[in-house]
Amino acid sequence: MEDKRDRGRTDSGGGGARTWNGWPSREALTRVGVPRGRMVLDYSMMAGLSVWVLSGCYTSGAFDGAYALVPPLGFGLCVAAALGFHHTTLDHRAAASLGLLGVMALCGLGAYAAGAPTAATVMWIVVSVMAMQRLPLPAGLATVAVLVAGFVEADETGIIGAAVTTAAVLLAGYSLRLDAEARGAGFQLLAQERLAREAEAASAALAERARIAREIHDVLAHSLSAQMVHLEVARLQIEAGAEPAEILKLVTSARSMAREGLAETRHALSALRGDMAPVEDYLRELAREDRAEVDVTGERRDLPAEASQAVRRVAQEALTNVRKHAPGARTRIRFAYGTHEISLEIRDSGPPRASGGTGTGQSLGSSGSGYGLLGMRERAELLGGSLDAGPEGAGFTVRLRVPA
């Protein structure tokens with residue numbers, strides 16, 4: 001049954017398939033969206049027409065005496081058939097719809113046979129207009145064609161009057177059909193827009209969840225991994241019988257890292273809520289611990305949360321790598337507001353020669369840059385930006401560019 005219904009239902013942009021041989025859309029067949037004033041006018045016209053039909057039956061003299069109850073009974077039958085026709089057309093049931101129109105047409109034929117041609121003509125006009133408005137056009141035109149003979153017979157002016165009546169019926173029925181289709185198409189577009197907005201909101205919610213998960217993961221992974229390393233070293237030293245002072249130093253470092261991780265988690269949550277300090281202020285605060293230089297250029301402006309958080313996380317990861325692989329190195333942070341993007345550059349001078357260690361570039365470069373740099377690069381690419389990291393001279397440089 002669904003296939004039969006869908007056969008006449010093309011998309012709301014319709015074209016010829018719906019206009020010519022398809023059913024009107026369900027939205028067009030309902031009264032949804034019709035202004036209250038229009039509905040009052042329609043119901044008033046229907047009530048006036050009903051009174052006219054009934055009064056015409058009695059003034060014709062055809063239903064006097066024992067037949068006085070026939071007009072209201074026949075009218076009630078027509079009303080029931082019209083209501084049934086409304087529901088069958090909503091379900092796109094052609095045979096039932098044509099059968100109910102046939103009942104109404106036969107009531108008109110009965111009125112004509114009893115001697116009330118005016119009431120019969122009005123009934124046939126109503127049937128024709130309903131068929132043109134709510135049925136597929138071939139069925140509507142066929143219904144009008146069948147009733148043309150009744151128009152010719154009931155009209156005193158003969159063929160000319162019947163032709164005028166038929167033309168008026170076709171024009172009125174088709175105009176009502178087009179008006180209903182336009183209204184239905186508007187509601188279909190509104191429904192599609194509503195669905196699109198709901199899908200967009202759902203997609204935004206999923207993206208926000210993914211962003212929150214990524215931020216919390218980055219913070220916790222960075223903090224907990226460092227703590228695990230220190231605690232594991234402390235365990236090994238305890239098993240080896242190391243000095244308590246050395247063990248206490250490792251445990252204290254792990255506690256400090258836990259405190260820093262908690263603070264970074266709060267920073268991340270504040271960033272996600274949009275309640276955070278400007279990026280340059282955060283960079284200066286972060287650089288104070290490592291005595292790094294910070295240069296900020298460009299005009300300050302509000303940044304999207306994603307871009308701001310990317311700068312913060314990259315700066316934190318880069319400075320952590322400096323402390324890990326080039327302790328004591330001079331570090332310079334440059335942050336710039338561009339026209340359509342922001343950029344961050346963190347460059348270190350490499351470890352002092354007295355430490356005898358290898359440079360940051362060599363250490364990270366030989367290890368494939370590690371998961372930290374990989375995570376930073378993925379974060380930048382998710383925002384449509386880029387991240388370059390590699391050795392420069394004796395040190396290491398990280399450059400981030402993000403649209404903002």
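Residues satisfying the side-chain contact (heavy atoms from CB on, under 4.5 Å) test with Q133, not counting sequence neighbours, are L176. Residues meeting the salt bridge (Lys or Arg N to Asp or Glu O under 4.0 Å) test with R255, sequence neighbours left out: none. By the salt bridge (Lys or Arg N to Asp or Glu O under 4.0 Å) test, E232 is found to be paired with R235, residues two or more places apart in sequence or in another chain being considered. The salt bridge (Lys or Arg N to Asp or Glu O under 4.0 Å) check on R332 picks up E293, D295, with sequence neighbours excluded. Partners of A307 under the side-chain contact (heavy atoms from CB on, under 4.5 Å) rule, at least two apart in sequence or in another chain, are P304, I342, V402, A404. Every residue two or more places apart in sequence or in another chain was checked for a side-chain hydrogen bond (donor to acceptor under 3.5 Å, both in side chains) with R401, and none qualifies. Partners of V251 under the side-chain contact (heavy atoms from CB on, under 4.5 Å) rule, at least two apart in sequence or in another chain, are A234, I247. The side-chain contact (heavy atoms from CB on, under 4.5 Å) check on A336 picks up T297, S343, with sequence neighbours excluded. S253 meets the side-chain hydrogen bond (donor to acceptor under 3.5 Å, both in side chains) test with no other residue; sequence neighbours excluded.
Side-chain N or O atoms of T88 include one that pairs as donor or acceptor with a backbone N or O of F85 at under 3.5 Å. The main-chain N or O of R330 is found under 3.5 Å from a side-chain atom of S349 such that the two form a donor-acceptor pair. Side-chain atoms of T121 come within 3.5 Å of backbone N or O of P117 as a donor-acceptor pair.
Closest non-hydrogen pair, L400 versus A310, comes out as CD2-O, 4.1 Å. Listed here is the closest heavy atom pair of M123 and G108: CB-CA, 4.0 Å. Among all heavy-atom pairs drawn from L90 and R26, the shortest one is O-NH1, 3.1 Å. Minimum heavy-atom separation, L387 to M376: CD1-CB, 3.6 Å. Nearest heavy atom pair, residue A326 against residue G350, reads CB-C, 4.0 Å. W23 approaches E181 most closely through the heavy-atom pair O-OE2, 4.4 Å.
The structure places CZ of R93 at 12.5 Å from CG of L98, a figure rounded to the nearest 0.5 Å. Remark: F335 CZ to R300 CZ distance equals 10.0 Å, nearest 0.5 Å. Rounding to the nearest 0.5 angstrom, the gap separating the CD atom in E299 from the OH atom in Y337 is 10.0 Å. To the nearest 0.5 Å, atoms CG (D348) and CD (E392) are separated by 10.0 Å. Atom-to-atom distance recorded for R334:CZ and I346:CD1 is 12.5 Å, nearest 0.5 angstrom. Note that CD of E285 is 9.0 Å distant from CG of D281, once rounded to the nearest 0.5 Å.
Put simply, the side chain of L283 reaches to within 4.5 Å of the side chain of L344, judged on heavy atoms. With contacts defined as side-chain heavy-atom distances shorter than 4.5 Å, the pair Y282/L286 qualifies.
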### Task
Evaluate the criterion side-chain contact (heavy atoms from CB on, under 4.5 Å) for residue pair V296 and V279; output intermediate values, then yes/no.
CA-CA 10 Å; V296 179; V279 172; over 6 Å; no
Listed pairs under 3.5 Å, donor-acceptor, residues 134-148 side chains, sequence neighbours left out:
residue	atom	partner	partner atom	Å
R134	NE	T89	OG1	3.0
R134	NH1	L29	O	3.1
R134	NH2	L29	O	3.0
R134	NH2	H86	O	3.3
R134	NH2	H86	ND1	3.2
R134	NH2	T89	OG1	3.0
T143	OG1	A139	O	2.8

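For residues 186-206, every residue pair satisfying the salt bridge (Lys or Arg N to Asp or Glu O under 4.0 Å) rule, not counting sequence neighbours, is listed here: E193-R197.
Ring pair Y112/W124 is tilted by interplanar angle, where 30° to 60° counts as tilted.
Heavy-atom neighbours of R301 CZ from other residues, nucleotides or ligands within 6.0 Å: above the threshold of 12.
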